[in-house]
Every structure is written in structure tokens, then in C-alpha cells.
Amino acid sequence: MDKSWSVSDRLTLRLEVEEFYANYIACLDEERFEQWPEFFTDDCFYQIIPRLNFERGLPMATWRSEGRGYLLDRITAIRKTSVYGPRYMRRIVSAVRLIEQSAEGFDARANYAAFETLPDEFTRVFSVGQSHDAFTRIDGALKLRRRVCVFDSELVPNSLVYPL
Amino acid sequence: MSSESASTPNWPEWPREGLSRIPYWVYSDAALYAREQERIFAGQSWNYVALEGEIPNAGDWRRTWVGDRSVIVVRDAKNEIHVLENRCAHRGVQFCQTHLGHGTEFMCPYHQWTYNLEGSLVGVPFRRGIQKKGGMPAEFDMKQHGLRKLSVARRHGVIFASFAQDMPDLGDYLTPPILELFDRVFDGRKLKVLGYSRQQTPANWKLMFENIKDPYHASLLHVFLLSFGLNRADAPNRIVIDPTGRHAAGMSWRAEQKRTEDNKEMRSLIEGLKLQGDSMLQPMREYERYTICLMTIWPNMIVQQQSNTLAIRQLVTRGPQAFELAWTFFGYESDDAEMDLRRLRQANLMGPAGFVSIDDSEVLGFTQQGVARAPEAAGVVEMDGHGWAEEADHAITESELRAFYQAYRAIMDI
Ligand SMILES: [Fe+2]
């Protein structure tokens, strides 16, 4: 357990972070992608990377976004340019841990799972992994400076269209 | 699938139109799939297996695939590279279960039979029994029970393997026009692996090969590519097919981002589309000719150079209805940090989350859904005629598909 916070501070922060995640996944599950960049700082770094690369220090990610512009381009792809079949995605975030306090904010780790439902199919586990997040505050509100989703699955089930 | 059903096929005749039809039973028939494993992947083919840079030191190994069989690519103490089938000679255990590793020998966990890095059997526990009881018969010859060894070919850091023992030289196999394009990317500079990406697509493996061999779709399906002018039929294009029809390459140059008379049929072109994250696509010219070169090397390798994205896509078959695409993204050891970053950023176009590749993996799944349920029907591939030529200077063609199936039918004897 991190000693950076008093018990009452940690309780408050924990509630705030868990609410952040609940709002974050609701935004994505409900496909309100246009609001998704609001959870990030303008100079954010966001990536989804296979565990094999992450653990070996190989930099190649499945999805790499550097800054808000990259997030907006992903929304353009989802809405306008990519060709893909309809799907539901439902996300779960659990086992949230607050890691440390720094001048810019604090880090958090959590487990995540994402379930995908395709037409005519049973719901399947799409991605399970750990998120390595760095939070900061802008005008009092929590924002992600950095979010790295490291997924365990050896194989991506065909396509990763929506963010995690 | 038993070998009996593989040798007594019951698939229908090929449509009488010949090369300009592809019968849909080729995408779902289990006996045909078994014959493909035998005649194509385990047959007279050089299969891509690994890059030398993945196993730089003696004792390094990488576990990979030829068709649906697991093999190990290993470097021995004398700097020789061996490719061994990952199946213990004793009871068939797939003994190696990690992707990359290092060691001095391989030991099967079941009865601890041990092999050296050349695949020879060097240890059988209790071979002489215990207290003169049990043990192997006196005539048991260790030399007869090594791992199955594949033939190996290497060129400029790329390793190929074959289950066949009498393989032609790799250069002859690729043929001069394909070899020249292979050497354009694999020019002898040391390669640097940037990372891996693996995805499984619910479609027959041939559909993936066909997708790369189909320049006709690029200007229609890929709204991202065509709107940004990255690959368009109204830009200069070049197609090269090797004389046997097996391998092919498609090259193109970047086009202007505007509407013209020539692209008016590209209904999905979005004018004025602009990247907000503009650092993603700031390519630097690396090669003298072409901004894109996509090669299909029979039977399991796709080499992709798209601006500064360099990737090998290895096709791993997973039954008639699914394939794995194993991507190895790479650069050159001489790349500076800026070039590394360019490659990492541009890779957003490729892979399971690629701005371009999503379209392909999704459409291939839709194709399988259609063709698997209608084996009696056939696809129409008449764009640019009924035959094929070794050269074309435009992308409105399906000649690579006709060439592919001419070679496929000859090898498969169908
Ligand atoms: Fe494509």
C-alpha cells in the first residue's frame, strides 16, 4: 500500500478515481466517442500494446496515440473512414491501485476486461489486461496524461476498432 | 482429418470458366485443407520462419509456424541456423512452449528425452534400465530418433524453411523480378525488430493472400488510404508476377488529395480530410522507387513497405475457416531515433487496429461468412481479362489472383 496519502485522503481520491473510470468506460460503452478525448490532457500519450512487446521492451504498439489530435483521428476513423461490422463492447475496470504521488499527479494501475458482441454470436472476451495510467489535475478535474493498456491475449480476435 | 479422407477427395470439378472463377469450396473444405498442409506448407515451398536478428546469439531460439505445424528456429554454437519440428521423437509432445528463448539443448518435459541444438537425440533417461531391468533394446539407435529437421535458406537476415529436402536455391525459387524487390527492403543492412502483433481472422488463409494480391480493392474499400491519397488507382501503379504465378508484388506512388475525372468512381473518397495528429504521417523517403511495395511470397509471407512502415506478415493456418496473421514490425539497426518514431507512428495504419488493415480483416470475415455457406457457388475474377501477364502498369486488375490459382491448382492437382 502506498503511504503517500493519509487514509482519508486516499479514500477520497480512490472514490474520485473509481468514478473517473466508471465515467470513462460508460462513455466508451455507450459509444460517445466524441467525448472520449475530454478524459485526456492535450499532450496525452495513449497506447494499447501486447504484453509480449511490453515485457521485452519492444516499442511497437497495436494502437499508438500521441496527443489529442491522434485521438480525434481515431474518432474520424470510427465514424467515417473505417469499414467494420456492428458490435457492442462492454468494459470492466477492477482492482484499482493508486501508486504514487509526483509533482504532476499520481499513477494508477487497474485490471481491465473488454467483452465484444458481434452479430449472430455469443458475447466473447475480447481483451483482458492491465492499465498503467498517469493522472493529473486540470482546473480541479482529473485527466489522463498517459494511459497504456497492456493486453494478455496472444491473439487479437480479428480487429480492435474501439478504444479501451 | 484422416489421411484417407485427404487422399480420397470429394470436392467438385473446378468451374469450366477456369481461372476467372474461384469455387467457394476452396475456402471451407477440410480434405482440401489437409492436402494444402501436405503439398503446400509441408511441400516444395520456402516458408518464412524468422529474422536472424531475433536469434542473434548461439543458443537463441524462436518458436514459430510452418502451415499449422510448430517449428523452432535455433542458432547453434557454430553460428549455423537449424529449423526443427517442435515434436518430440518419443511420444509427439510439443515440447517447446515459449516464443523466444536461449539454451544449450532441448528437453521434452514428459520423459526428458534431450536433443542438441542441431536436433539430434543426445539423451534418453534409463536407456540401459535400472539394475539391468527394463531400458531400451540394445539395438535402439539414437541417430534414428532425432527431431525432424527442415531445410533452411537465409538471405539478408531473413530465414526460410522447408519440409522438403530437395529445395531449389532461394533466389531461383523467388525468381529474378521478385528477388530484386525482396532485396530492395532486405538490402543486407542489419534489421531491428520493433515489435510483434498477432491477430486471428475468421477466414480461410487464401483470402488473406488474395487480399494483398488484389489492388482493385485498395481504391474502393480503404477510405483512409484513398482520401489521404496514399494508395490510389489514379496514381501510378505497377504489378509484377513471377513466371510461375506464385509470388507477386504491387507497387504504387502517392497521389494528390483531390477529386479528378479519374477517381470519380471512388465513391468513398472524402475530400479535404485532414489529420489532426499530423505527426502520424510525415514520411521520409527511404527508397528510390515506389512509396508502397506489397509482396506476396508463396506460401506464407507478405512483405510490406508502406512509406516508413516495414512489416512481415506471416500467415499461420488454423483450420479451413481461420488464419493467424503474425506481424513482425522492423526497421534497420542503423535507424536513428527519429526514424524509429516514424515507423512506430505510421504503424497506426497497420495491424489489428490499423486505420487501413481493419477494413481488410473485417471484410475477409464477411467474405468467409458468405463463401463458407455456399460451396457450390464461385467468385468472379474477370477484372482485366481471363489470363495474366508478368507485368501490369495499372491497379484495375485481378490478374494476380488468376496467377495464384493457376499455381495453386497445379501444386494441388485440382
Ligand atoms: Fe486492403
Side-chain angles (χ1 to χ4, degrees), chain A residues 37 42-87 116 118-121 124 126-127 149 151-164, chain B residues 99-100 193-203 221-228 268 270 273-281 311 316 318 322 324-331 340-341 343-348 350-366 369:
Chain A
D42 286 347
D43 62 347
C44 63
F45 182 82
Y46 171 85
Q47 73 174 5
I48 302 172
I49 186 168
R51 184 166 173 170
L52 177 72
N53 291 353
F54 187 77
E55 290 185 346
R56 290 192 164 260
L58 296 168
M60 184 57 70
T62 309
W63 173 319
R64 178 191 178 98
S65 296
E66 297 176 39
R68 193 187 187 87
Y70 279 66
L71 305 184
L72 296 173
D73 292 334
R74 284 285 174 177
I75 299 166
T76 304
I78 290 169
R79 295 295 192 209
K80 285 188 183 156
T81 66
S82 289
V83 175
Y84 59 92
R87 67 202 57 210
E116 182 180 65
L118 299 176
D120 312 322
E121 300 280 348
R124 66 176 172 186
F126 178 76
S127 183
C149 294
F151 62 90
D152 291 344
S153 183
E154 295 260 300
L155 296 170
V156 174
N158 210 22
S159 340
L160 169 63
V161 184
Y162 298 152
L164 296 172
Chain B
H99 299 309
L100 293 154
V193 172
L194 296 174
Y196 303 100
S197 181
R198 299 172 66 189
Q199 68 190 117
Q200 182 164 304
T201 294
L221 172 65
H222 297 307
V223 186
F224 185 91
L225 274 188
L226 69 99
S227 295
F228 291 108
S268 37
I270 303 170
L273 204 59
K274 202 174 153 318
L275 278 179
Q276 305 292 313
D278 53 2
S279 69
M280 190 176 86
L281 280 182
V316 182
R318 290 179 175 262
E324 176 191 337
L325 206 51
W327 300 69
T328 304
F329 289 93
F330 63 94
D340 282 352
L341 210 46
R343 300 199 198 286
L344 296 177
R345 287 168 172 164
Q346 291 173 32
N348 272 307
M350 299 300 147
F355 282 107
V356 177
S357 298
I358 282 177
D359 307 343
D360 291 316
S361 46
E362 287 289 300
V363 161
L364 296 190
F366 304 159
Q369 289 173 7

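Note on naming: letters A, B, ... go to the chains in the order of the sequence lines (proteins, then strands), and numbering restarts at 1 for each one. Keep in mind that what you see is a predicted model, and the values were worked out from it rather than measured.
If you measure heavy-atom distances from S153(A) to chain B, you find no contacts under 4.5 Å at all. Only the backbone of P157(A) comes within contact range of chain B, with at least one heavy atom under 4.5 Å from a heavy atom of that chain. Both the backbone and the side chain of Q200(B) come within contact range of chain A, judged by heavy atoms closer than 4.5 Å. Using a 4.5 Å cut-off between heavy atoms, L325(B) makes no contact with chain A at all. The part of N53(A) that comes within reach of chain B is its side chain, from C-beta onward, which places non-hydrogen atoms under 4.5 angstrom from that chain.
Chain A forms the most heavy-atom pairs under 4.5 Å with one residue out of G351(B), G354(B), S279(B), and that residue is S279(B). Of the residues considered (D73(A), T62(A), I48(A)), D73(A) shows the highest number of contacts with chain B, using heavy-atom pairs under 4.5 Å.
The minimum heavy-atom distance linking P59(A) with I49(A) is given by the pair O-CD1, 4.2 Å. Nearest heavy atom pair, residue F329(B) against residue S197(B), reads CE1-CB, 4.0 Å. Scanning all heavy atoms of the two residues, the minimum distance from L281(B) to L275(B) falls at CD1-CD1, 3.7 Å.
Listed by first and then second residue, the salt bridge (Lys or Arg N to Asp or Glu O under 4.0 Å) pairs involving residues 45-67 of chain A are R51(A)-E55(A), R51(A)-D152(A), R64(A)-E66(A), E66(A)-R345(B) (not counting sequence neighbours).
Between Y84(A) and S361(B), the side chains place no donor N or O within less than 3.5 Å of an acceptor N or O (distance only, hydrogens not considered).
Taking R74(A) as the reference, nothing meets the salt bridge (charged side-chain N to carboxylate O under 4.0 Å, His left out) condition, with sequence neighbours excluded.
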